[in-house]
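Below, all heavy atoms of this structure are taken into account, side chains as well, without hydrogens, waters or symmetry copies. In the text below, chain A, chain B and the rest are named by the order of the sequence lines, each starting its count at 1.
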Amino acid sequence: DGGITQSPKYLFRKEGQNVTLSCEQNLNHDAMYWYRQDPGQGLRLIYYSQIVNDFQKGDIAEGYSVSREKKESFPLTVTSAQKNPTAFYLCASSRGHQPQHFGDGTRLSIL
Amino acid sequence: DAKTTQPTSMDCAEGRAANLPCNHSTISGNEYVYWYRQIHSQGPQYIIHGLKNNETNEMASLIITEDRKSSTLILPHATLRDTAVYYCIVSRLNTGTASKLTFGTGTRLQVTL
């Protein structure tokens, strides 16, 4: 079945380390998105990409980086510059103005 | 994008209709109303969206007032599996390929026996 796959489901990082979260979609969607969710809060947009090799900052891009080398893939790197990286990270994709489809998320924790 | 206001929480008895309200008094003419829900520790699930006409699909109905300043999501026969946080989002129809969504804190719906 078509969908969005995020891996791993749980991720642990030591302070000072960069870590990359994977997001793959086989829906043939042009646009992809990364959101962050903190406990009891809504989702906040980190980065989004409308086409391959192009991406824009969202509302909370500091301390994060992305790449979009393939249509199917939009990995997110949480750098050591992100002061409070512990959160639930969600990836989504869409085509045009159609609704966004979400993956099941990666929960990142700092050891 | 216009801001939305939703109640923090609601309860509904299983088998009854759940009516979730949303205010979006600053909505502009080219903005759609979207509803998503999020079950604990999962990604949000799209439910329904509309511009000005009422909409219905296999999951729910969306009623938008004539002035478009508020809307109601209706789950006609709520089950325990409908317990989730429900987000009402207003978003502009983009001419490009990406549509940015702004999530608030939503309404936590608890369906009870």
Check each atom of B:Gln45 against the heavy atoms of chain A and say whether the ones under 4.5 Å are side chain, backbone, both or neither. neither
For B:Ser41 versus A:Lys9, what's the shortest heavy-atom pair and its separation? O-NZ, 4.2 Å
Should B:Ile64 and B:Trp35 be counted in the same cluster of Ile, Leu, Val, Met, Phe, Trp and Tyr side chains packed under 4.5 Å apart? yes
Same cluster or not: are A:Tyr64 and A:Met32 linked, directly or through other Ile, Leu, Val, Met, Phe, Trp or Tyr residues, by side-chain heavy atoms under 4.5 angstrom apart? yes
Are any of the side-chain heavy atoms of B:Leu101 and A:Tyr33 separated by less than 4.5 Å? no
Please find the pair of heavy atoms, one from B:Pro44 and one from A:Leu43, that lie closest to each other, and give the distance. CG-CD2, 3.8 Å
With sequence neighbours excluded, what pairs up with B:Lys52 under the salt bridge (charged side-chain N to carboxylate O under 4.0 Å, His left out) test? none
Is it the case that one hydrophobic cluster holds both A:Leu90 and A:Val19, taking links as side-chain heavy atoms less than 4.5 Å apart, direct or via other members? no
More than 12 foreign heavy atoms under 6.0 Å from CZ of A:Arg13: is that the case here? yes
Same apolar cluster: B:Leu80 and B:Met10, side chain cutoff 4.5 Å: yes
Of all residues at least two apart in sequence or in a different chain, which pass the salt bridge (charged side-chain N to carboxylate O under 4.0 Å, His left out) check with A:Arg44? A:Asp38
Does A:Gln100 reach the side chain of B:Ile89, with side-chain heavy atoms less than 4.5 Å apart? no
Any link between A:Phe88 and A:Tyr47 through a network of hydrophobic side chains (Ile, Leu, Val, Met, Phe, Trp, Tyr) touching at under 4.5 Å? no
Against chain B, residues from residues 52-63 of chain A with at least one heavy atom under 4.5 Å, in numeric order, are none
Heavy-atom proximity to chain B below 4.5 Å, by part of A:Gln6: neither
Toward chain B: residues of residues 102-111 of chain A with heavy atoms under 4.5 Å: A:Phe102, A:Gly103, A:Asp104, A:Arg107
Indicate the atoms forming the closest heavy-atom contact of B:Tyr87 with A:Gln41, along with that distance. OH-O, 3.9 Å
